[in-house]
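Values below: every heavy atom of this structure, side chains too, minus hydrogens, waters and symmetry copies. Naming convention: chains lettered A, B, ... in sequence-line order (proteins, then strands); numbering from 1 in each chain.
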Amino acid sequence: MSANDLGSDPAVQRRRTTRRRNAPLFAALTWLGAWCCALAPQTAHAHPYHVTFAEATLDEASWSLQIAIRMKPEDLEEALRRSSGVEAKLEEFPDRAAHAYRYLSSKLFFERGDAPRLPIRWVGMELSLRDAWVYLEVPLPSKTRRVTVHNDIFFDLELNQANTIELRLLSEQTTLTFRRDQPTAIVEIPVRVAR
Amino acid sequence: MKWSFRTHLPVLALACAIPNISTAAPDEDERPPLTDPFRQLEETLPTPTSTRAASGAPGHRYWQQRADYNIKVRIDDAKQHLEGSQRIRYFNESPDTLDYVWLQLDANIYAPDSDSVRARSTPGFSRMPYRSLRRIFARATFDGSVKLTRVQSGGKDLNYVVVGTMMRIDLPKPLASGKRVDLDIDWHYAINDSDRVSGRTGFEFFEDDKNYIYEIAQWFPRMVAYTDVNGWQHKQFLGNGEFTLELGDYKVEITVPADHIVASTGVLKNGNKVLTSDQRARLSKAAKADAPEFIVTPEEAKQNEAEGTEEEKTWVFHAKNVRDFAFATSRKFIWDAVSHDVNGRDVWAMSYYPNEGEPLWSRYSTRSIEHTLDIYSRYTFDYPYPVAISVNGPVGGMEYPMICFNGPRPEEDGTYTARTKYGLISVIIHEVGHNYFPMIVNSDERQWTWMDEGLNTFLQYLTEQEWEPDYPSRRGEPRNIVGYMASENQVPIMTNSESLLQFGNNAYAKPATALNVLRETVLGRELFDFAFKKYARRWKFRRPQPADFFRTMEDASGIDLDWFWRGWFYSTDHVDIALTGIREFSVDTLDPEIEKARDREERDSVPESLSERRNEDLAQLTDALPELKDFYNDYDKLDVTEKDKKWYQRALKRLSDEEKELLKTTKKFYVIDLENVGGLVMPVILELHYGDGSKEEIRIPAEIWRRDWHETSKAVMTDKDLVRVVVDPHLETADTDLSNNFYPPKVEKSRFELFKYRRDRGNPMRDAGLGDGSVKERSPQEKVDERERPGK
């Protein structure tokens with residue numbers, strides 16, 4: 001099987017010149033849920049690397065989570081195509097950062113109980129042949145003790161997607177892994193010490 | 001952390017200062033739960049047998065089954081349907097008598113209720129794109145499973161039972177060792193539309209010209225492997241684990257529309273009937289050419305697309321000693337070819353692709369095939385088949401004997417990104433490379449994905465690095481895998497294909513990186529290349545198991561690598577070697593004039609404390625009452641006394657001349673303390689920087705950890721001052737945490753910080769005053785916020 005990183009299903013890694021993709025019509029399917037997915041097609045053939053890696057470090061000075069996410073450019077490209085309806089290569093994607101921010105902030109977010117989601121700041125993006133890196137920042141209110149992290153990046157592309165965050169909270173370091181059956185993780189935030 | 005203190009060694013302890021000095025280990029409870037990483041693998045590996053030797057070579061009674069196929073297949077282009085009829089001649093080379101045989105029916109994975117579908121875990125999302133929904137409904141309604149219409153032997157119907165993607169056929173009489181049986185099977189099935197039901201086979205429809213490309217694989221009832229290790233290989237096809245089959249000879253007649261071009265495993269035997277005279281003439285020219293020649297030109301393919309026909313032609317292919325057979329067919333195909341010399345043997349390198357693949361494919365595909373054959377043959381064995389083919393169609397990347405399917409295409413306007421270009425070259429190298437592993441070195445990829453994907457990805461890396469300088473290889477370099485290695489929730493490489501977590505990193509990237517580390521850091525190129533080639537040649541056209549690989553690499557290199565296999569293949573430990581301290585030692589000359597002077601210097605170098613400094617002006621009682629002073633007020637224990645000198649002379653008399661010479665050395669001794677934080681033992685590479693600006697590299701074998709795999713130390717003897725030490729200076733060990741690799745300590749910026757630093761350096765042109773000052777960039781969230789404002 002291919003080790004070529006060219007998208008998560010065969011339609012991803014080639015340019016279909018004669019078929020138009022459907023616009024990003026999202027259907028609410030709460031009632032369909034598990035039944036649909038049990039019948040989902042095998043989509044694991046184009047590349048087998050269905051993972052994202054992120055480093056998230058609590059910056060003591062700003063008391064914010066500084067996040068660097070590493071993704072396959074092909075996966076990000078396909079996600080942006082599907083979510084925006086725009087057919088373009090990632091390198092030439094119009095308003096790429098805005099589309100990436102919109103997509104990623106809907107897939108990776110931080111919640112505190114019933115309070116609104118914590119705002120996510122866009123910091124920047126880097127693109128190479130191997131990787132796409134996106135940098136985000138999440139300021140933490142100083143009294144926050146616990147947040148729920150939700151990460152279902154690319155779950156809309158690939159059934160076997162797994163996302164990993166290497167979380168560094170001052171002296172503590174841990175790995176959070178997000179899968180389709182467990183897209184959230186609870187994180188205990190250390191007490192902020194006044195300086 | 002303990003940094004740089006100085007100790008005087010007594011002269012007789014000098015010999016002990018040179019080898020490693022283990023420091024005191026922490027309490028047992030504080031240690032990570034490691035077991036001895038150097039424990040031998042004998043207790044884990046299977047016991048050698050007469051079929052598999054302890055050296056890793058095939059045993060003196062090695063055997064494997066054989067299956068020859070004679071197949072007629074027809075593609076119905078109007079209905080996208082495949083119908084086939086075949087005779088399998090199965091040779092029982094095993095010492096066992098077989099009452100029944102098992103066959104693979106891989107197309108049954110496309111049954112709506114296949115195990116592949118039913119065994120999939122339930123996802124948790126409640127919203128999905130329309131396109132995904134469309135595919136889900138297509139998968140729920142499409143039935144591409146095999147419909148068997150005849151299962152016979154000698155003209156008599158046989159009892160058979162279909163079990164998922166497998167079928168048991170009860171033989172009319174037991175098949176004794178050394179005997180053979182003929183099985184006649186007819187079948188048909190609907191071919192999957194890869195746009196809706198994807199897989200390793202299928203068709204692609206082109207709406208503009210109403211034509212199809214078919215890539216047909218895993219399409220006929222195939223004999224299940226029967227081995228000395230597992231008996232029948234009872235592994236259902238669930239999608240990830242690919243396949244393993246018996247080697248044999250094939251004669252295949254492929255009937256397709258008369259205007260189709262067929263690319264196939266094997267050698268075309270009736271070219272005079274299916275090719276035009278122009279095409280045959282071009283093939284003759286390509287046989288002597290230095291560069292690929294068009295056999296079917298882009299213009300001819302375009303013309304083909306526009307015409308169509310109701311007539312059919314039958315293409316006949318023969319293939320010897322292959323473990324499977326695949327083909328592709330379309331009237332859209334351009335075809336280019338060149339005869340390539342592989343160490344004196346002519347091999348047809350050929351590519352088939354539609355105009356949608358141009359100009360990328362004619363520039364890179366066949367050249368990639370040739371390059372792959374050259375490099376892989378150098379590291380393994382000469383490519384033994386007469387043909388190597390790359391086809392562009394609906395399958396993104398999949399390999400079969402002599403033929404592979406590859407997906408990348410350029411944009412509609414013929415342009416392409418660098419990512420597409422290198423993606424195409426890399427996937428072709430990878431898939432053509434699979435001819436070596438596992439098509440010829442016939443490992444079981446349904447059981448052990450790493451044995452073909454890992455080894456092949458490693459060779460892919462070597463091949464890419466000989467394409468052009470700085471080729472952007474994605475896997476192979478240790479630094480590219482540290483994120484995965486450091487993460488939790490892994491399983492060892494030695495895990496069944498269907499149970500792997502993080503499939504690509506586990507079965508492709510990690511073993512490929514491990515082999516690169518083994519080659520560059522542990523064994524060196526000469527030893528590794530000899531051993532790797534030995535493995536490939538021992539198991540060429542045979543069926544190796546993991547132990548055969550591990551044992552051969554040790555057997556041929558002469559190095560005990562059990563620790564390496566245990567760490568990289570049987571554990572999920574990672575490499576993180578920390579530099580925890582530097583201690584400086586010098587030789588005790590015994591001479592009080594020298595030693596006491598050195599001690600005084602050391603004492604005087606201790607900085608004055610804050611209190612001492614502030615107390616300097618305080619009035620002292622002894623100033624007012626000097627009679628309080630006595631001997632001890634003037635005594636300095638570091639003054640050299642007559643007693644010291646006499647003691648020194650007595651000591652010298654007890655030393656031999658050789659020991660006296662040692663006292664004169666001016667060398668310095670540094671002990672470098674190391675901790676194995678990650679658990680995976682590895683060689684330690686140290687870069688030592690000296691005060692005079694020079695540096696040297698010390699490469700310490702992994703065995704330094706054999707007595708204490710948590711902490712160890714290395715002594716260094718030098719004439720110079722050691723000022724800086726770096727662990728793993730070339731990033732060759734996949735060390736996951738570089739922040740603890742430096743003396744003096746160095747703060748490692750996070751990826752985020754590095755990016756901010758680069759970004760904050762700003763735009764050099766604007767900084768230089770070359771802009772007009774009008775630019776005010778909005779952030780992405782400002783753009784999103786603006787669009788999504790109510791009323792927009």
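- Interface remark: A:P73 contributes backbone and side-chain atoms alike to the contact with chain B (heavy atom separation under 4.5 Å).
- Contact annotation for A:Q66: both backbone and side-chain heavy atoms come within less than 4.5 Å of a heavy atom of chain B.
- For a residue to count as touching a neighbouring chain, one of its non-hydrogen atoms must lie under 4.5 Å from one of that chain's; by this rule A:R179 touches chain B with the side chain only.
- Counting heavy atoms from C-beta on, the side chains of A:W133 and B:R751 come closer than 4.5 Å.
- Proximity of A:Y135 to B:K756: side-chain heavy atoms (C-beta onward) are nowhere separated by under 4.5 Å.
- When heavy atoms are compared at a cutoff of 4.5 Å, A:L90 approaches chain B by way of both its backbone and its side chain.
- The parts of B:A509 that come within reach of chain A are both its backbone and its side chain, each placing non-hydrogen atoms under 4.5 angstrom from that chain.
- The part of A:T164 that comes within reach of chain B is its side chain, from C-beta onward, which places non-hydrogen atoms under 4.5 angstrom from that chain.
- Environment of CG in B:D470: sparse, with no more than 12 heavy atoms of neighbouring residues, nucleotides or ligands closer than 6.0 Å.
- Here the side chains of B:F755 and A:E126 are in contact, with some heavy-atom distance below 4.5 Å.
- The distance from atom CD of A:E92 to atom OG1 of B:T415, rounded to the nearest 0.5 Å, is 6.0 Å.
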Candidate pair B:F752 and A:V123, rule side-chain contact (heavy atoms from CB on, under 4.5 Å), full reasoning
CA-CA 9 Å; B:F752 186 97; A:V123 177; 3.8 Å; yes
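- For the pair B:R474/A:L129, no side-chain contact is recorded, criterion being any heavy-atom separation below 4.5 Å from C-beta on.
- With contacts defined as side-chain heavy-atom distances shorter than 4.5 Å, the pair B:E753/A:T57 does not qualify.
- Other residues, nucleotides and ligands contribute at most 12 non-hydrogen atoms within 6.0 Å of the CD atom of A:E172.
- Scanning residues 136-147 of chain A against chain B with a 4.5 Å heavy-atom cutoff picks out A:L136, A:E137, ordered by number.
- Atom-to-atom distance recorded for A:K89:NZ and B:T420:OG1 is 3.0 Å, nearest 0.5 angstrom.
- At a threshold of 4.5 Å between non-hydrogen side-chain atoms, the residues A:F53 and B:Y484 count as touching.
- Interface residue A:R70: only side-chain heavy atoms are found under 4.5 Å from chain B.
- Residues meeting the ring pair (Phe, Tyr, Trp, His ring centres under 6.0 Å) test with B:Y400, sequence neighbours left out: B:F243, B:F405.
- Interface remark: B:N192 contributes no atoms to any contact with chain A (heavy atom separation under 4.5 Å).
- In this structure, B:E477 and A:R130 have side chains that are not in contact, with every pair of non-hydrogen atoms separated by 4.5 Å or more.
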